[in-house]
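Inspection log for the structure reproduced underneath, given as structure tokens.
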Amino acid sequence: MNAIQQAVNQAAEIILGGYRAACEKGLLPKAELSAPVIEVPKDPKNGDYASSFAMQNAKALRLSPLKTAQAICENAILENTLFSEVTCAAPGFINLRLSHGWYESVLSSIIKDGCDYGKTACENPKKIMVEFVSANPTGPMHMGNARGGVLGDTLAEVLSRAGNHVCREFYVNDAGNQIDKFAHSIEARLMQEIYGEEAFVFPEDGYHGDDIKALASDYIKEHGDSIKDAPEHERLNALAEYGLNRNIPKMKSDLQRYGIVYDNWFFESQLHKGSIEETVKLLTDRGFTYENEGALWLKTSEILHANLLREGKTEEQIEKLELKDDVLRRSNGFYTYFAADIAYHRNKLSERGFDIAINIWGADHHGHVARLKGALDALGLDGEHRLEIILMQLVRLMRDGEVVRMSKRTGKAIALSDLLDEIPVDAARYFFNSRAADTHLEFDLGLAVRQDSDNPVYYVQYAHARCKSILKALSQEGIATTPVNPNFSLLTDPAEIDLIRELSKLPEEIRLAADALDPSRLNRYSSSCATAFHHFYSICRIKEAATEDLRDARISLVNCVAQVIENTLSTLGVSAPDHM
RNA sequence: GCGCCCGUAGCUCAGUAGGAUAGAGCGACCGCCUCCUAAGCGGUAGGUCGGAGGUUCGAAUCCUCUCGGGCGUGCCA
């Protein structure tokens with residue numbers, strides 16, 4: 001349990017203890033009460049923690065909240081607790097103030113835990129897969145993939161530091177319709193290069209990007225043009241394979257440049273070796289499929305209908321949704337992407353035994369969430385609880401105040417690799433993690449290219465650099481930068497107390513980010529941590545502290561700040577430079 | 001039509017298991033380097049929390065309705 005959780009739990013105990021003691025003295029009536037809610041007051045004047053316990057239970061106690069709060073405060077016992085003061089305030093708040101010893105213990109644990117400060121040892125760790133990016137290997141990755149990559153990688157890190165076993169996976173769609181389209185597109189460019197633009201019609205739904213042209217001409221450079229005379233089937237296979245062998249390593253290296261390394265690359269083509277068929281058969285055996293017009297359908301509407309009724313929706317509400325069934329196997333005999341996706345998730349949850357599968361999808365896929373969960377329910381895999389889909393709103397790309405449309409088809413998308421050529425990885429990662437997944441992210445190209453202080457990542461990194469710089473300056477003067485047994489009780493300036501309070505939050509921030517599947521809150525935390533430090537730095541002198549003991553205590557505090565910022569930034573995949 | 005997401009300061013956004021005077025950054029304005037990095041610090045101005053009802057001692061937060069923007073609603077992936 002971390003320092004914050006300890007304090008919150010103890011605050012509740014103190015209040016309940018005060019209530020019980022008051023009851024025994026006959027000051028308060030005994031009643032069934034709701035447990036005290038502990039919160040952090042906005043105004044620090046109202047203490048470190050506060051509870052509306054007396055107001056919550058005013059009805060049950062039939063007493064004015066203020067009287068209840070007074071009785072509780074007068075009878076609460078603070079000896080041997082983390083708190084030094086409990087007071088009441090109108091209209092009935094109970095406010096608690098942490099003792100200085102608590103702050104001292106925070107610093108001790110940061111020093112003790114070092115790089116591990118912020119991590120939580122989970123009692124029942126879960127085996128979690130985070131699948132993200134999974135961009136089609138038919139073209140370059142775009143800004144949406146950039147956001148998804150940062151989100152997935154950071155979330156995986158957060159879950160891991162919250163005590164879970166985490167696997168990062170990229171699902172490679174190397175089979176199916178889009179690969180045919182890909183092959184036909186390369187073929188067309190190749191034929192056009194050999195026979196001229198007019199000689200070969202480019203498929204209407206093909207990929208128009210320049211990268212396809214490059215693949216075609218590179219193929220000719222490497223293998224000559226004899227492929228033009230090969231049977232079509234053979235030619236398309238060869239070109240698809242060539243394209244994938246070029247694109248997949250490129251995606252891998254682009255992501256790596258971005259600080260993202262996967263534990264596993266899972267190929268869709270694997271599933272086509274019997275697993276999809278098996279999964280579909282399983283659904284059929286369980287009575288969830290039927291044939292119509294030559295295709296095999298999943299009874300999605302029936303499955304979802306049952307789920308919705310269980311959730312308490314009325315028949316009328318469900319009627320409005322116009323639920324539809326989905327095709328698993330097309331009348332041409334090919335399985336749909338949906339069928340492959342069901343097989344893939346069965347593979348994750350059943351064959352590979354992950355407790356939870358988390359997917360990061362573009363919000364444009366939201367229509368598929370319910371039906372995939374439903375299909376897993378139909379397989380008895382509890383998709384409702386074991387599959388978590390994070391829908392990420394698309395990135396709105398701005399240039400000169402105008403929206404830039406992203407389109408793979410027209411080839412005008414800004415590629416991930418172009419982005420990294422222009423802005424540092426640290427800035428990109430920090431920026432893409434700055435908002436929760438479900439909000440639209442506006443990305444101004446002009447602003448992103450700028451490497452000045454407008455970028456908030458520098459603000460945080462600068463705090464770290466300042467810490468390291470002081471320590472370096474001190475050590476050059478022969479002053480020990482890791483004092484033995486520093487006397488933390490000397491750190492009593494409000495700026496010092498505020499700073500330590502910020503430092504205490506990291507483990508809880510990581511836990512909350514993991515719970516909410518929202519790593520963006522760590523950006524906000526890193527920033528408020530930096531603010532507390534910059535404020536402290538401008539108010540409290542370190543070298544010229546009043547006494548050597550105070551100086552040493554502050555040196556230790558600076559060490560702790562550097563450690564906490566480093567741990568926070570490393571969770572985000574951002575570097576913590578020693579100097580800037 | 002139906003579904004999902006969003007609407008809070010000039011701009012970009014925090015804040016939703018209901019709590020005390022609604023916050024931050026940028027932009028604007030005013031201050032601070034003879035002093036450990038000014039990529040910094042301190043301060044001022046700026047709000048009918050899209051709108052209307054309701055629940056409550058108390059609503060940005062919960063419920064209903066409504067207006068505006070984005071996305072989706074394929075035998076595409």
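So that the names make sense, note that chain A is the first sequence line, chain B the second, and so on, each numbered from 1.
Distances were taken from every side-chain heavy atom of A:A295 (C-beta onward) to each of B:U21, B:G72, B:C75; the shortest belongs to B:C75. For A:D364, the side-chain atoms get nearest to B:C71 when compared with the rest of B:C36, B:C71, B:C13. Distance from the side chain of A:S52 is smallest to B:G19 among B:U73, B:G19, B:C76. Comparing B:A14, B:U56, B:A39 by their closest approach to the side chain of A:T439 singles out B:A14. Distances were taken from every side-chain heavy atom of A:N95 (C-beta onward) to each of B:A20, B:A39, B:C4; the shortest belongs to B:A20. Looking at the side chain of A:H534, the nearest of the listed nucleotides B:C76, B:A14, B:C41 is B:C41. With distances taken from any side-chain atom of A:Y458 to the nucleotides B:C76, B:A39, B:A14, the minimum falls on B:A39. Closest approach to the A:H535 side chain among B:C71, B:G42, B:G19 is made by B:G42 (side chain taken as heavy atoms from C-beta onward). With B:C75, B:G40, B:C35 as the candidates, the nucleotide lying closest to the side chain of A:R541 is B:C35. Listed candidates were B:A14, B:C5, B:G19. Nearest to the side chain of A:D438 is B:C5.
A:Y537 comes within 4.0 angstrom of a base, heavy atoms only. Looking at heavy-atom distances under 4.0 Å, A:L321 makes contact with sugar-phosphate atoms alone, never a base. Using a 4.0 Å heavy-atom distance criterion, A:A58 is classed as making no nucleic acid contact. Within the 4.0 angstrom heavy-atom criterion, no nucleotide atom of any strand lies near A:A340. Among the heavy atoms of the strands lying under 4.0 Å from A:E293 is at least one base atom, whether or not backbone atoms are also near. Across all strands, A:K42 comes closer than 4.0 Å only to sugar-phosphate atoms, never to a base (heavy-atom distances). Within the nucleic acid shown, A:C467 has no heavy atom closer than 4.0 Å to any nucleic acid atom. Residue contacts for A:K181: at a heavy-atom cut-off of 4.0 Å it reaches no nucleic acid atom on any strand shown.
Taking only distance into account, the side chain of A:S331 meets the base of B:C75 through a donor-acceptor pair shorter than 3.5 Å. With hydrogens and angles left out, the side chain of A:H366 and the base of B:G3 share a donor-acceptor pair within 3.5 Å.
Where A:Q393 and A:N46 meet RNA chain B, the nucleotide closest to each residue was compared, and A:Q393 sits on the side nearer the 5' end. Along RNA chain B, the nucleotide nearest to A:N332 and the one nearest to A:L471 differ in position, and the one closer to the 5' end is contacted by A:L471.
By the 5.5 angstrom centroid cut-off and the 30-degree plane limit, A:F93 is classified as stacked against the base of B:A20.
Regarding contacts with the backbone of B:G74, a side-chain N or O of A:K324 is found under 4.0 angstrom from either OP1 or OP2. Regarding contacts with the backbone of B:C41, a side-chain N or O of A:Y459 is found under 4.0 angstrom from either OP1 or OP2. Distances shorter than 4.0 Å separate some side-chain N or O of A:R330 from OP1 or OP2 on B:C76. Using a 4.0 Å cut-off, some side-chain N or O of A:R466 falls inside it from OP1 or OP2 of B:A38.
The base-pairing partner of B:G7, taking Watson-Crick or G-U wobble contacts with both distances under 3.5 Å, is B:C67. Nucleotide B:A22 forms a pair with no other nucleotide shown, judged by Watson-Crick or G-U wobble geometry with both contacts under 3.5 Å. The base-pairing partner of B:U48, taking Watson-Crick or G-U wobble contacts with both distances under 3.5 Å, does not exist among the strands shown. Nucleotide B:G27 is matched to nothing when pairs are restricted to Watson-Crick or G-U wobble geometry with both distances under 3.5 angstrom. Pair check for B:C76 finds none; no Watson-Crick or G-U wobble contact set falls under 3.5 Å. Judged by Watson-Crick or G-U wobble contacts below 3.5 Å, the nucleotide B:C62 has B:G54 as its partner.
B:C26 adopts an anti glycosidic conformation, its chi angle falling more than 90° from 0.
Side-chain rings of A:F533 and A:H464 stay apart, their centers remaining 6.0 Å or farther from each other.
When side chains are defined from C-beta on, A:R147 counts as touching A:R435, because their heavy atoms get closer than 4.5 Å. Counting heavy atoms from C-beta on, the side chains of A:L298 and A:F288 come closer than 4.5 Å.
Cation-pi contact between A:R329 and A:F334: absent, since separation from the ring centre below 6.0 Å together with deviation from the ring axis within 45° is not met.
At distances below 3.5 Å, not a single donor-acceptor pair connects side-chain atoms of A:D48 with backbone N or O atoms of A:P44. Distance alone, capped at 3.5 Å, is enough to place a donor-acceptor pair between the A:Y430 side chain and the A:N523 backbone.
Between A:W265 and A:F170, the ring planes are parallel. Angles under 30° get that label, and only those over 60° would be called perpendicular.
Across B:G72 and B:C65, the matching C1' atoms stand 24 Å from one another, rounded to whole Å.
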Apply the test side-chain hydrogen bond (donor to acceptor under 3.5 Å, both in side chains) to residues A:S520 and A:N433: give CA-CA distance (whole Å), side-chain angles for both, the deciding distance (0.1 Å), then the verdict. CA-CA 5 Å; A:S520 76; A:N433 193 53; 5.7 Å; no
What do the steps show when you test A:F202 against A:H184 for ring-ring contact (aromatic ring centres under 6.0 Å, His included), and what is the final call? CA-CA 8 Å; A:F202 193 81; A:H184 277 109; over 10 Å; no
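Taking a 4.0 Å limit (strictly below) on heavy-atom distances, residues 519-528 of chain A reaches RNA chain B at A:R524.
Ion pairing between a basic and an acidic side chain is recognised when a charged N comes within 4.0 Å of a carboxylate O; A:R524 and A:E509 show no such pairing.
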